[in-house]
Amino acid sequence: MDRHKIPRTKELEFGGFLGAFCLLFLLPATVFVLLLTCRTEQASLLNFPLPLPTLRSLWNPQDFALVLAWVGLQALLYMLPLGKLVYFLKQVTEGTVLRDKSRLLYCINGIHAMWITALLVGVGMVAGLRLSYIYDHLLQLAFSATVLAFGLSILLYLKALLAPGTALAPGGNSGNPIYDFFIGHELNPRIGTFDLKFFCELRPGLLGWALINMGMLVKETELRGNPSLAMILVNAFQLLYVVDAFWNEEAILTTMDIVHEGFGFMLAFGNLAWVPFLYSLQSYFLVTHPQKLSLPVAGGIILLNGLGYSVFRSANSQKNTFRRNPVDPKVAGLKTIPTATGRRLLVSGWWGFVRHPNYLGDLIMAFAWSLPCGISHILPYFYILYFTMLLIHREARDEHQCLRKYGLAWQEYCRRVPYRIFPYLY
Ligand code: NDP
C-alpha cells in the first residue's frame, strides 16, 4: 500500500469537527485568561470581567522577533553535528497489520542544545541581558508564540496536502480540513532530515519554560532583593523535569506523540505556547503573590517531588528498557504476557502496580509544583487540575489503541492489573 494513502479516520476525538473548531479558539483563550488573571491582585477566576488588553497592545514586532530568534536558535542547535543519530522503526498499526515500516533517522542532541543554551543565557546575563524582560512582556511573548503556532500549523497542513514526505497520521485523515488541521494531517513532517514534530516536542517549548521560570526568579529578585524559597523550589523542580526530558530524549521516540499523533495545531500550539507559558504559571504567580514557606513544609514538598520523580523515572525507564531489549538484565526477571503481535506486555514491576505508573509519578510531581504557592488561591493548581484531566483522557485513548493492537492479551492485562493510574481508586 502507498504509505501516504491510509484509510480515512472514522473515529473522531475531541468532540469531532465542532470540538476541534472550538478548541482552536478555546486553547489560546485559556492561556490569555490565566495569564491575565495571574497578574491581578486577587488572582481569582471568579473576578470577571478581566481587564482585557487590546490586540494592538499584545502585538509587539520586537517580541515576535524574539520568539522567532529563540526558535531559530534551537533549530540551529538541533542541526549541529553533536550527539548521536538513531534510526527508529515506525510501526503504524491497524489491528496487527503494519501499515508503514519506514525507518526515520533522528538526531539526539537535545542535552547538548540545553547546555549550549544555558551557556549563552549565562554569558548574556553577565553581559547585561535582563531576563526580567520576560515577566514584563509575558503577554506579548505569549501572543507572538500563538501567532507562530497558527502560522506553523497552516504551513504543516499545506505541506501535508501538497508534499507529504512521510505517512499521513492515522488519527488526522478525516477529510474535514478543520479537524485534520487541528489533529495534524501528516505523521512525521520533515524538511530533509529535519523532523519538525520531534524538534518542537522538546526544544523551543521545554527550554522556553525553564527560561521563563528563570525570568520570573530574576524579576522577583529585582522586586524584593532575593528569590523566595517558594520560587527556588518551583524553579528547581521544573528544571529537574526539563533536564530529565533532555537526558532521556531518545525515550520520546516511543511516546504517543511521536508514534501516533499527527503534527498539527494541537501539538504545535501545545509545544510552542501552552507548555512554556502555562506550565510556568506557578512562578509567574509567585512574582505578584509572594508566599512564605517554613523549612519543614519545604522539606515535605521536596520529599513529595522526589517520590513523584522516582516513580515517574523508574516506570518510564523500565518500559523503555523492556521495549528496547526485553532480555536486558534489569527487566529480564519481570513477568510478561505474550501478545499476537510478538511484543510482550509487562505485568509485574511498575507496570504490574497500575497500568500507567508513569502518569501517577507525573501527577505526584505536579502536585508538589503547586504546593509552594500556598493554598490561598486555586490558580497555581491549574496545572495539576488540567494535567489530571489530560492524563485521564490520554490514558483512555492509549487503552483504546492498545485494545486494538493487542486484543485479548490487553484484556488479560487489564484483568491482572485492574487499576489505571491511582491504585485502589481509578
Ligand atoms: P506511555 O509512555 O505511557 O506509553 C504508552 C504505551 O506503552 C502503550 O501504547 C504501549 O505501547 C506501551 N505499554 C503500555 N502498557 C505496557 C505494558 N504493560 N508493558 C509494556 N508496554 C506497555 O505514554 P505517553 O506517551 O502518554 O507518556 C510518556 C510520558 O510522558 C509519561 O510519563 C507521561 O506522564 C508524560 N507526559 C507528559 C506530558 C506533559 O505535558 N508534561 C504530556 C503527556 C505525557 P507499545 O506496546 O506499542 O510499546
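Every number for a ligand or one of its atoms is a count from 1 in the order of the listing. In this chain, residues are counted from 1 in sequence order.
Nearest to atom 34 (O) of ligand 1 among the protein's heavy atoms is Asp362 OD2, 2.5 Å. Atom 46 (O) of ligand 1 has as its closest protein heavy atom Tyr406 OH, 2.4 Å. Of the protein's non-hydrogen atoms, Leu390 CD2, 3.9 Å is the one closest to atom 42 (C) of ligand 1. Looking only at heavy atoms of the protein, atom 20 (C) of ligand 1 is closest to Arg323 NH2, 3.4 Å. Scanning the protein for heavy atoms near atom 40 (O) of ligand 1, the closest one is Tyr279 OH, 2.6 Å. When hydrogens are left out, the protein atom nearest atom 23 (O) of ligand 1 is Tyr359 OH, 3.8 Å; that is the closest non-hydrogen contact.
The contact set between ligand 1 and His356, taken as ligand atoms under 4.0 Å from a residue heavy atom, comprises 3 (O). For ligand 1, the atoms lying closer than 4.0 Å to a non-hydrogen atom of Tyr383 are 41 (N). Near Phe387, the atoms of ligand 1 lying under 4.0 angstrom from a non-hydrogen atom of the residue are 37 (C), 38 (C), 39 (C), 40 (O), 41 (N). Below 4.0 Å from some heavy atom of Tyr413 lie the following atoms of ligand 1, by number and element: 18 (N).
Residue-ligand proximity: Glu395 is placed with every non-hydrogen atom at 4.0 Å or more from ligand 1. Under a 4.0 angstrom heavy-atom cut-off, Arg394 registers as being in contact with ligand 1.
A side-chain N or O of Tyr241 and one of Asp362 form a donor-acceptor pair less than 3.5 Å apart.
Using a 4.5 Å heavy-atom threshold, the side chains of Leu346 and Leu334 count as touching. For the pair Leu202 and Asn271, the minimum side-chain heavy-atom distance is 4.5 Å or more. Side-chain contact between Val417 and Trp351 is absent, with no heavy-atom pair separated by less than 4.5 Å. Residues His377 and Gln42 have side chains not in contact (no heavy-atom distance under 4.5 Å, counting atoms from C-beta outward).
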Before you tell me yes or no, could you show the steps for His400 and Glu11 under side chain to side chain donor-acceptor pair (under 3.5 Å), namely the whole-Å CA-CA distance, both residues' side-chain angles and the distance that decides it to 0.1 Å?
CA-CA 11 Å; His400 190 65; Glu11 290 173 29; 2.7 Å; yes
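Of all the listed residues (Asn248, Asp398, Leu346, Thr255), Asp398 holds the heavy atom that lies closest to atom 6 (C) of ligand 1. Looking at Asn358, Leu345, Leu334, Asn316 and measuring to atom 16 (C) of ligand 1, the nearest heavy atom belongs to Leu345. Comparing Lys319, Met365, His260, Glu261 by heavy-atom distance to atom 22 (C) of ligand 1, the nearest is Lys319. Across Phe312, Trp351, Tyr241, Phe322, heavy-atom proximity to atom 14 (C) of ligand 1 is greatest for Trp351.
Heavy atoms of Trp274 found under 4.0 angstrom from ligand 1: none, in either backbone or side chain. Looking at Cys402 against ligand 1, only its side chain comes within 4.0 Å, counting heavy atoms. At a heavy-atom cutoff of 4.0 Å, ligand 1 is contacted by no atom of Val275, backbone or side chain. In Arg355, neither the side chain nor the backbone holds a heavy atom less than 4.0 Å from any atom of ligand 1. Contacts between Lys405 and ligand 1, counted as non-hydrogen atom pairs separated by less than 4.0 Å, involve the side chain only. The proximity of Tyr386 to ligand 1, defined as any non-hydrogen pair under 4.0 Å, does not occur for either the backbone or the side chain.
When the shell of 6.0 Å around CH2 of Trp59 is examined, it contains more than 12 heavy atoms from other residues, nucleotides or ligands. Under a cut-off of 6.0 angstrom, the local environment of CZ in Phe21 is sparse, with at most 12 non-hydrogen atoms contributed by other residues, nucleotides or ligands. Heavy-atom contacts from other residues, nucleotides or ligands closer than 6.0 Å to CG of Leu425 number more than 12. The number of heavy atoms from other shown groups lying within 6.0 Å of CD1 (Ile191) does not exceed 12.
The nearest protein heavy atom to atom 30 (O) of ligand 1 is not closer than 4.0 Å.
Taking the six-membered ring where tryptophan is involved, the planes of Tyr279 and Phe387 are perpendicular, since the angle between them exceeds 60° and thus also 30°. The aromatic rings of Tyr419 and Tyr424 sit tilted relative to each other, their planes meeting at an angle between 30° and 60°. The aromatic rings of His356 and Tyr359 sit parallel, their planes meeting at an angle under 30°, below the 60° perpendicular limit.
Asn109 places a side-chain N or O within 3.5 Å of a backbone atom of Leu80 that can act as its donor or acceptor partner.
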